Q: 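Next up is a structure, given as structure tokens.
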Amino acid sequence: MRSMLGAVVSLWFIGPALAGNLDPGAVNDAARPAKPPATDKINPAVVKLQVLLDRAQFSPGEIDGRFGENAQKALKAFAEQSGIASDKTIAPELWDKLTAASEGPIVADYRIADTDVRGPFLKELPGKLDDMKSLKALSYTSPLEGLAEKFHMSADLLKALNPGKAFDTVGETIVVANVPARRELPRVARLEVDKKNGALKAFDASGALLAFYPASVGSPDRPTPNGTLKVTSTHESPTYRYNPDYKFKSVKSKRPFDIKPGPNNPVGAYWIGLSAQGYGIHGTAEPDKVGKSASHGCVRLTNWDARVIGENVKRGTPVVFLDAPTDTSSKQQGGPAAKRAAN
């Protein structure tokens with residue numbers, strides 16, 4: 001009987017965790033983890049870390065509360081930019097610097113607006129390009145998906161912070177990641193695509209690192225370009241045009257066709273054209289897969305990160321593609337990394 005009672009009490013204590021609930025107060029008040037957090041569980045301190053990195057322009061990609069590869073890459077880049085040694089342990093100096101540079105609660109209340117639930121929404125996002133061409137728009141599939149993307153979050157984290165809440169009800173108050181709706185960068189002089197580590201970096205004219213974004217790049221059969229290209233255009237809500245010359249195995253059509261704009265368009269909600277035909281930096285319908293899967297040769301970011309780049313670069317900005325990672329000195333000086341990539 002005593003053992004059964006102990007089991008019942010244990011289940012009562014772990015029940016909320018199994019249900020996926022997350023206390024907003026625990027996120028806002030989270031202290032620095034003394035050891036590397038688990039990569040497969042939502043952790044209040046990791047939610048805080050990801051929001052702080054997002055605010056600092058060192059994007060962890062989708063804010064999901066897990067200390068995965070993208071969060072680790074963003075933390076490492078911030079450490080290098082700050083001149084602080086770092087591994088998977090979150091150094092006290094890094095935590096202090098991130099928190100000191102940021103204001104406001106990590107998560108905050110948000111009242112669902114009519115625009116969040118108005119739609120129209122797709123009943124289901126087709127898995128093949130052939131099945132997308134007849135759709136009037138590549139919209140979100142639900143208010144939950146739209147709200148999660150609006151605040152740079154995974155749907156799972158949004159639900160964990162709001163147990164029992166309805167995401168399709170105007171006026172409902174929910175808890176969301178407190179991230180800026182728009183982000184501005186100092187003048188971007190150069191972009192670098194680190195193909196080996198799956199990242200896009202923005203630098204100023206002095207070679208200082210301004211921003212970091214996890215990225216999906218090409219595969220051996222659909223490689224990302226080499227050398228240096230230039231930004232030629234930026235487009236919000238782009239139309240995707242399929243060219244049969246791409247010869248995608250999953251596409252049956254032998255003729256070119258267009259896919260209408262929308263956040264679930266194959267190139268997402270933003271497109272940055274480059275000076276090589278068919279190549280660009282763009283968003284995605286699957287933010288959870290950024291940095292974890294290969295692209296068809298372009299540089300794929302989350303929709304919100306692609307927007308930041310698109311709104312802060314000018315035509316003619318060089319985009320350097322690197323097959324090998326750059327060291328700290330080359331990033332600070334600017335020139336050597338570009339020279340290596342062009343050779």
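None of these values were measured; they are calculated from a predicted model. Along the sequence shown, residues carry numbers from 1.
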Q: Start with the C-alpha gap between Val117 and Thr169, add the side-chain angles, then the distance that decides, and say whether side chain to side chain contact (heavy atoms under 4.5 Å, CB included) holds.
A: CA-CA 7 Å; Val117 303; Thr169 303; over 6 Å; no
Q: Looking only at heavy atoms, which two atoms of Trp95 and Pro33 are closest? And how far apart?
A: CZ3-CD, 4.1 Å
Q: Among the clusters formed by ILVMFWY side chains lying less than 4.5 Å apart, do Tyr279 and Leu301 turn up in the same one?
A: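 Unlinked, Tyr279 and Leu301 end up in two clusters.
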Q: Please answer whether the main-chain N or O of Gly198 pairs with a side-chain N or O of Asp194 as donor and acceptor at a distance below 3.5 Å.
A: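 No: the side chain of Asp194 does not pair with the backbone of Gly198.
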Q: List the residues meeting side-chain hydrogen bond (donor to acceptor under 3.5 Å, both in side chains) with Gln72, not counting sequence neighbours, and say none if there are none.
A: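 side-chain hydrogen bond (donor to acceptor under 3.5 Å, both in side chains) list for Gln72, sorted by chain: empty.
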Q: Which residues pass the side-chain hydrogen bond (donor to acceptor under 3.5 Å, both in side chains) test with Ser237, not counting sequence neighbours?
A: none
Q: Just grab all the side chain to side chain donor-acceptor pair (under 3.5 Å) pairs involving residues 22-51, residues at least two apart or on different chains.
A: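 Every pair satisfying side chain to side chain donor-acceptor pair (under 3.5 Å) with a residue in residues 22-51: Gln50-Asp64.
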Q: When rounded to the nearest 0.5 angstrom, what is the spacing between CD1 in Ile42 and NZ in Lys159?
A: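 These two atoms lie 10.0 Å from each other.
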Q: Are Leu22 and Leu144 joined in one hydrophobic group, where the rule is that I, L, V, M, F, W and Y side chains link up if heavy atoms are under 4.5 Å apart?
A: yes
Q: Would the number of heavy atoms belonging to other residues, nucleotides or ligands and lying under 6.0 Å from CZ of Arg187 be above 12?
A: no
Q: Checking side chain to side chain contact (heavy atoms under 4.5 Å, CB included) for the pair Ile106/Asn178: CA distance, chi angles, key distance, verdict?
A: CA-CA 5 Å; Ile106 299 301; Asn178 188 14; 5.9 Å; no
Q: Any chance the side chains of Asn303 and Glu149 put a donor and an acceptor closer than 3.5 Å?
A: yes
Q: For Val27 and Val107: C-alpha separation, side-chain torsions, deciding distance, then whether side chain to side chain contact (heavy atoms under 4.5 Å, CB included) applies.
A: CA-CA 7 Å; Val27 176; Val107 294; 3.9 Å; yes
Q: Closer than 3.5 angstrom, by distance alone: can the side chain of Ser82 be matched with the main-chain N or O of Ile84 as a donor-acceptor pair?
A: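 No, Ser82 side chain to Ile84 backbone: no donor-acceptor pair under 3.5 Å.
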Q: I'd like to know if the side chain of Lys292 reaches the main chain of Asp288, judged simply by a donor and an acceptor atom lying under 3.5 Å from each other, with no hydrogens or angles considered.
A: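 Confirmed, Lys292 side chain pairs with Asp288 backbone.
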Q: Is there a side-chain contact between Leu75 and Phe58 (heavy atoms, below 4.5 Å)?
A: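 A side-chain contact is absent here, since even the closest heavy-atom pair is not under 4.5 Å.
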Q: Can you tell me if Ser154 and Asp156 form a side-chain donor-acceptor pair at under 3.5 Å?
A: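 The answer is no; no qualifying pair exists.
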Q: Would a 4.5 Å heavy-atom cut-off, applied to side chains only, mark Pro261 and Tyr240 as touching?
A: no
Q: Might you point out which heavy atoms bring Gly291 and Asn70 nearest each other, and give the distance in Å?
A: CA-OD1, 4.1 Å
Q: My understanding is that only residues two or more places apart in sequence, or in another chain, count here; which of them pass ring-ring contact (aromatic ring centres under 6.0 Å, His included) with Phe121?
A: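 Here no residue qualifies.
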Q: Say whether Phe212 and Leu98 are linked into one hydrophobic cluster, either directly or through other cluster members, by side-chain heavy-atom distances under 4.5 angstrom.
A: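 Yes, same cluster.
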Q: Indicate whether the side chain of Asp305 and that of Ser59 have a donor and an acceptor atom separated by less than 3.5 Å.
A: yes
Q: Answer yes or no: is there an ion pair linking Arg190 with Glu192, defined by an N-O contact shorter than 4.0 Å?
A: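 Yes, this pair counts.
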Q: Rounded to the nearest 0.5 Å, how far apart are CD of Gln81 and NZ of Lys76?
A: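 Between atom CD of Gln81 and atom NZ of Lys76 there are 15.0 Å.
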Q: Begin with the C-alpha distance, continue with both residues' side-chain angles, and end with the deciding distance and a verdict on side chain to side chain contact (heavy atoms under 4.5 Å, CB included) for Leu129 and Phe257.
A: CA-CA 9 Å; Leu129 298 184; Phe257 58 84; 4.1 Å; yes
Q: Find out whether Asn265 and Trp271 are in side-chain contact, i.e. whether some heavy atom of one side chain is under 4.5 Å from a heavy atom of the other.
A: no
Q: Please determine whether a side-chain nitrogen of the Lys or Arg among Lys252 and Asp130 lies less than 4.0 Å from a carboxylate oxygen of the Asp or Glu.
A: no
Q: So that I know where these two stand, are Phe248 and Tyr242 an aromatic pair - ring centroids less than 6.0 Å apart?
A: yes
Q: Kindly give the heavy-atom pair with the smallest separation between Gly283 and Arg300, and that separation in Å.
A: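 Taking every non-hydrogen atom into account, O-CG, 3.8 Å.
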Q: To the closest 0.5 Å, what do you measure between NZ (Lys230) and CG (Leu191)?
A: 13.0 Å
Q: Would you name the heavy atoms of Val290 and Pro214 that are closest together and state the gap between them?
A: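 Taking Val290 first and Pro214 second, the nearest heavy atoms are CG1-O, 3.3 Å.
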Q: What are the two closest non-hydrogen atoms of Ser250 and Lys128, and how far apart are they?
A: O-CD, 4.3 Å
Q: If you look at every heavy atom in Asn312 and Leu185, which pair is closest and at what distance?
A: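 What the structure gives for the nearest pair is OD1-N, 2.9 Å.
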Q: Not counting sequence neighbours, which residues clear side-chain hydrogen bond (donor to acceptor under 3.5 Å, both in side chains) with Arg118? List them please.
A: Asp114
Q: Salt-bridged, Glu311 to Arg183, with N to O below 4.0 Å?
A: no
Q: What's the separation between atom CG in Asn264 and atom OG in Ser139, rounded to the nearest 0.5 Å?
A: 8.0 Å
Q: Does the side chain of Arg307 reach to within under 4.5 Å of the side chain of Glu236, using non-hydrogen atoms?
A: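 Result yes, sub-4.5 Å side-chain heavy-atom pair found.
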Q: Answer whether the closest heavy-atom distance between the side chains of Arg55 and Ser102 falls below 4.5 Å.
A: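 Arg55 reaches Ser102 side chain to side chain.
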Q: Going through the checks in order, is the side-chain hydrogen bond (donor to acceptor under 3.5 Å, both in side chains) test met by Ser233 and His235?
A: CA-CA 7 Å; Ser233 62; His235 303 278; 3.2 Å; yes
Q: Does a sphere of radius 6.0 Å around NZ in Lys165 hold more than 12 heavy atoms from other residues, nucleotides or ligands, not counting ones at 6.0 Å or beyond?
A: yes
Q: Check the pair Glu93 / Lys97 against salt bridge (Lys or Arg N to Asp or Glu O under 4.0 Å), numbers first and verdict last.
A: CA-CA 6 Å; Glu93 298 91 337; Lys97 186 167 184 176; over 6 Å; no
Q: Salt bridge check: are Glu172 and Arg111 linked by an N-O gap of less than 4.0 Å?
A: no
Q: Do Tyr213 and Lys201 meet the criterion of a side-chain donor-acceptor pair at a distance under 3.5 Å?
A: no
Q: Consider only side-chain heavy atoms of I, L, V, M, F, W and Y, link residues closer than 4.5 Å, and tell whether Leu49 and Leu157 are in one cluster.
A: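 Linked, Leu49 and Leu157 end up in one cluster.
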Q: Listed by chain and number, what are the side-chain hydrogen bond (donor to acceptor under 3.5 Å, both in side chains) partners of Glu286, not counting sequence neighbours?
A: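 With sequence neighbours excluded, Glu286 shows a side-chain hydrogen bond (donor to acceptor under 3.5 Å, both in side chains) to Lys289, given in chain and number order.
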Q: Can you find a side-chain donor-acceptor pair between Tyr110 and Asp116 that sits under 3.5 Å?
A: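 Asp116 and Tyr110 do have a side-chain donor-acceptor pair below 3.5 Å.
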Q: Tell me, do Thr232 and Leu274 make a side-chain contact under 4.5 Å, heavy atoms counted?
A: no
Q: What is the distance from atom CD of Gln277 to atom CG of Asp245, rounded to the nearest 0.5 Å?
A: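 One gets 9.0 Å once the value is rounded to the nearest 0.5 Å.
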Q: Are Tyr270 and Val217 connected, step by step, through hydrophobic side chains (Ile, Leu, Val, Met, Phe, Trp, Tyr) whose heavy atoms are closer than 4.5 Å?
A: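 Same cluster.
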Q: Measuring from atom CG of Leu125 to atom OG of Ser142, what distance do you get when rounded to the nearest 0.5 angstrom?
A: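 Nearest 0.5 Å value for the CG-OG distance: 11.5 Å.
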Q: Quick one: are Leu53 and Phe78 in side-chain contact, heavy atoms under 4.5 Å?
A: yes
Q: With heavy-atom distances below 4.5 Å as the criterion, would you say the side chains of Lys195 and Asn226 are in contact?
A: yes
